[in-house]
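Letters go in sequence order (proteins before strands), and every chain restarts at 1.
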Amino acid sequence: MLLSRLARVSQEVAAASARSRKIALLAGLFREAEAADVPVVIPYLAGRLPQGRLGVGWKVLGRPVPPAAEPSLTVRGADARLTALGAVSGPGSQAERARLAGELMGAATEAEQRFLRGLITGEVRQGALDAVAVEALAEATGAPPADVRRAVMLAGSLQAVAEALLADGPAALDRFRLTVGRPVLPMLAHSASSVAEAAGRFGACAVEEKLDGIRVQVHRDGGTVRVYTRTLDDITGRLPEVATAALGLPGERFVLDGEVISFDGTGRPRSFQETAGRVGSRVDVATAARAVPVSPVFFDVLCVDGRDLLDLPLTERYAELARLVPEPMRVRRTVVSGPGDVPTAEAFLARTLERGHEGVVVKALDAAYSAGRRGASWLKVKPVHTLDLVVLAAEWGHGRRTGRLSNLHLGARAADGSLAMLGKTFKGMTDAMLAWQTERLRELAVADDGHVVTVRPELVVEIAYDGLQRSTRYPAGVALRFARLVRYREDKRPEDADTVQTLLAAHPGVRP
DNA sequence: TTCCGACAGTGGGGTCGCAAT
DNA sequence: ATTGCGACCCCACTATCGGAA
C-alpha cells in the first residue's frame, strides 16, 4: 500500500466531524490493507509509530525539505526507513538521524510529509486515536467492539489484536487472555470534587489512600519478576526493591497493581519529584536506590496462580490481595456502606492528608477491573487550592486554539514589589473565555515576538492548583502543580493578588 | 428531548540520559 | 562541565459526538 493512501485517509478523517464517519473511513482502509501491511497501517492510523518514539522531534523535522512531486513511498518502505532511523545511536547520531529524516522527507509528497511529521512527533490531530481505531477494527472485521476493546486491554497492544483479527476473524479474540509476564492496560480513575460526591455515585465503596508515586504492574512467574509502568514500559531493572518484595510473597504466579513511592526515615512520603527522579534513574540504580529507596504499595490483584480475577468484583479481588500481600505492603483503606456513611470517608481523607499523601480513590465495591477510564468506578478526590494571580503574558495557541491567546503566564507579588512568575496554564478556559482574553490581552500588550505576548500586568485570575513544587526554572524557586484557570477576577487589581510569602506559608513542606 | 459517558485535543512542570558544544 | 533535546513520569479541563434515559 502506498503511504499517500494513508495520508489521504488521515486528512479525510481529520476533516470529518462525525465519529461514525471517522470510523467508517478507517474501517475501509483496514479492510483494504494486505496482511503484510497491517502491522504498520493499524498503528499509523491510530496516530502512533509501531517503533514507539524514535529520538527525533520538532527540531529535526522542522527543517523544510523540498517535497517529492509524485507519491512513491510504500507503507512498508517508510516503516523500514523509520526503523533504521530509530536504531541510530552513539557519536554523530544526531547528524545521522537528521540526514535519514531529511532523506525520507525528500521522498515524500507534501501531504505525506505532513502525515509523517504528525506521526513522528505524536501529533496527528485527526480526531481519532486508539479508541476510534478499535471501533474501526471492530467494524472492519464484524467483531463486537466491546470484545475488541477487551482483547486490546489484555494484549496491551492494538497492533497484536488487529493482526490476529484481520488474519483469522472474530474467533481470534479468544486467544487473548491474561498472561503472567505480559502487561495489561491498567484501570484508571476519574476525578470527583469531594468524597460525598464520589460516595454518592456508588452504593457501598472502598476509600483508599492515593499515593503520589509511580503506578506499577508487577508480574511474578516463579523466580522471574517484571515491573511495568502505566504505559506498559518495562522498568524492572530500575526497581530491585520491587522484585525482592514480589519474590518474598507467598505465591508463585500473580499480577499485582499498585504504586511505588519513596518514604523518608520517619515514614513520611517523599515528594513526587524525588520518587520520580529515582524511578527515572537507569544508569547507576544501586546508588540511586541507596539515596532514595522505594517501596511498592499494592491495591489490586489481577491474577493469582493461574486464576484470572479481572471480572470479579473489587470485594473479591481485595480478599485475594489480602491473602497474598501483607498489610504494610497494601494501601490503607476503609469501607463505607454508602452515601449515608460519608463522615467515615471524610475522616479517612483527613487522616490520609495528615500522613502526607495526595488524597483518596473511592472505588465501587461491585466493579470489575477494566482498562482505561471507561466505566468510572474509581474516583479520585484531591484537595484543591486556589490563588489570585496576575497575568504577565500569554502564548499564541495551536490547533483549534490558533489565533487565540491561550497559555497564560502567572505571577504572584514578591517581597521586593516585583511579580514572580510561578508557572503557566492553558486549562479551564471555555471558548468564550479564550475569545475574551485574546481581545483583552491584546489591548494590554507591550510586546509580541510571535509566540509570547507580554502584557501590562493588570488582569487578575483565580487559579486552582494541586500543590507546590520546587523549581529551578522560576524566580521564587517554586512552581504550581497542575495550575488551571477558574475565572477572571475583574473586581480585583494586581495589588490585591496573592503573594509568594502567603503561598509558601500555605505549603510549609515545600521550600525553594 | 435532555443528559451524560467517552474521546481527543491542548498543553503544564520535573527529571533523566544522551549527544553536542 | 554545561546545554539542548527528547522521552516519560505525573496531570486538568473543555468541546463534541452519539447513545442512554
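Between A/H451 atom NE2 and B/dT10 atom C1' there is a gap of 14 Å when expressed in whole angstrom units. Distance CG (A/L468) to P (C/dC11): 18 Å, rounded to an integer number of Å. Rounded to a whole Å, the CD1 atom of A/I463 is 14 Å from the P atom of B/dG12. Rounding to whole angstrom units, CG of residue A/L480 and C1' of C/dA12 are separated by 14 Å. In this structure, A/Q273 places its CD atom 17 Å from P of C/dC9, rounding to the nearest Å. The interatomic distance linking A/L405 (CG) with B/dT10 (P) rounds to 16 Å, in whole Å. Spacing between atom CZ of A/F272 and atom P of B/dC16 amounts to 12 Å, rounded to whole angstrom units. We find that CD of A/E274 is positioned 12 Å from C1' of B/dT15, with the value rounded to whole Å.
With respect to the salt-bridge test (charged N to carboxylate O, under 4.0 angstrom), the residues A/K363 and A/E208 qualify. At a threshold of 4.0 Å, the pair A/D257-A/R230 does not count as salt-bridged, since none of the basic side-chain nitrogens sits closer than that to a carboxylate oxygen. Salt-bridge annotation for A/K210 and A/E358: present, with a side-chain N of the basic residue lying under 4.0 Å from a carboxylate O of the acidic one. Taking a cutoff of 4.0 Å between a charged side-chain nitrogen and a carboxylate oxygen, A/E197 and A/R201 qualify as a salt bridge. Taking 4.0 Å as the cut-off between side-chain N and carboxylate O, A/R404 and A/D431 do not count as a salt-bridged pair. Salt bridge annotation for A/E241-A/R278: present, with a cationic side-chain nitrogen under 4.0 angstrom from a carboxylate oxygen.
A/K22 comes within contact range of no nucleotide atom at all, as no heavy-atom separation falls under 4.0 Å. Looking at heavy-atom distances under 4.0 Å, A/L485 makes no contact with the nucleic acid at all. Among the heavy atoms of the strands lying under 4.0 Å from A/A18 are primed sugar atoms or P, OP1, OP2 only; no base atom is included. Residue A/V279 is classed as having no contact, given no heavy-atom separation below 4.0 Å to the nucleic acid. Residue contacts for A/D233: at a heavy-atom cut-off of 4.0 Å it reaches the sugar-phosphate backbone alone, with no base atom in range. Within the nucleic acid shown, A/T275 has no heavy atom closer than 4.0 Å to any nucleic acid atom. A/G213 comes within 4.0 angstrom of sugar-phosphate atoms only, judged by non-hydrogen atoms across all strands, and of no base. A/Q126 comes within 4.0 angstrom of sugar-phosphate atoms only, judged by non-hydrogen atoms across all strands, and of no base. Using a 4.0 Å heavy-atom criterion, one finds that A/S281 contacts the sugar-phosphate atoms exclusively.
In the set B/dG11, B/dG13, B/dC18, the nucleotide with an atom closest to the side chain of A/S406 is B/dG11. Distance from the side chain of A/R400 is smallest to B/dT10 among B/dG11, B/dT10, B/dG13. Comparing B/dA20, B/dC18, B/dG12 by their closest approach to the side chain of A/P91 singles out B/dA20. Comparing atom distances between the A/S20 side chain and each of B/dA8, C/dG18, C/dC10 picks out C/dG18 as nearest. Taking the side chain of A/I214 as heavy atoms from C-beta on, and the options C/dA15, C/dC9, B/dG14, the nearest nucleotide is C/dC9. Checked against B/dG14, C/dA15, B/dG17, the side chain of A/D431 finds its nearest nucleotide in C/dA15. With B/dG17, B/dG12, B/dA8 as the choices, the nucleotide that has an atom nearest any side-chain atom of A/R282 turns out to be B/dG17. Of the listed nucleotides (B/dA6, C/dC11, B/dA8), C/dC11 has the atom at the smallest distance from the side chain of A/K380. Taking the side chain of A/A131 as heavy atoms from C-beta on, and the options B/dA19, B/dA8, B/dG17, the nearest nucleotide is B/dA8. Here the nucleotide nearest the side chain of A/R19, chosen from C/dC10, C/dG18, C/dA12, is C/dG18.
The nucleotide B/dG14 finds its pairing partner in C/dC8, both defining distances of the Watson-Crick or G-U wobble pair being shorter than 3.5 Å.
Screening A/R21, A/R149, A/K22, A/R19 against A/E135 for a salt bridge (charged side-chain N to carboxylate O under 4.0 Å, His left out) leaves a single residue, A/R149.
A sub-4.0 Å separation between OP1 or OP2 of B/dA19 and a side-chain N or O of A/K59 is absent. In terms of phosphate contacts, A/N407 brings no side-chain nitrogen or oxygen within less than 4.0 Å of OP1 or OP2 of B/dT10. Listed pair A/T229 / C/dC9 meets the phosphate criterion, a side-chain N or O lying under 4.0 Å from OP1 or OP2. Contact annotation: A/Q94 side-chain N/O to B/dA19 OP1/OP2 distance is not under 4.0 Å. Put simply, A/T231 has a side-chain N or O that comes within less than 4.0 Å of OP1 or OP2 on C/dC9. Within the 4.0 Å cut-off from OP1 or OP2 of B/dC18, not a single side-chain nitrogen or oxygen of A/S89 is found. Considering only side-chain N and O atoms, A/R53 lies under 4.0 angstrom from the phosphate OP1 or OP2 of C/dA7. Residue A/R215 places no side-chain N or O under 4.0 Å from the OP1 or OP2 atom of C/dC9. A close approach under 4.0 Å does not occur between any side-chain nitrogen or oxygen of A/H398 and OP1 or OP2 of B/dG9. Applying the 4.0 Å criterion to OP1 and OP2 of C/dC17, one finds that A/S17 has a side-chain N or O inside that range. A sub-4.0 Å separation between OP1 or OP2 of B/dT10 and a side-chain N or O of A/R125 is present.
Nearest-nucleotide assignment on DNA chain B puts the 5′-proximal partner with A/L129, out of A/L129 and A/F482. If you find the closest nucleotide of DNA chain B to A/A133 and to A/R481, the one lying nearer the 5' end belongs to A/A133. When the nearest nucleotides of DNA chain C are assigned to A/R401 and A/I235 by heavy-atom distance, the more 5′-ward of the two goes with A/I235. When each of A/R230 and A/L54 is assigned the nucleotide of DNA chain C with its nearest heavy atom, A/L54 is the one assigned upstream, toward the 5' end.
Taking the centre and axis of the six-membered ring of A/Y488, the NZ or CZ atom of A/R440 falls outside the cone set by 45° and 6.0 Å.
Residues A/H507 and A/Y465 bring their aromatic ring centres within 6.0 Å.
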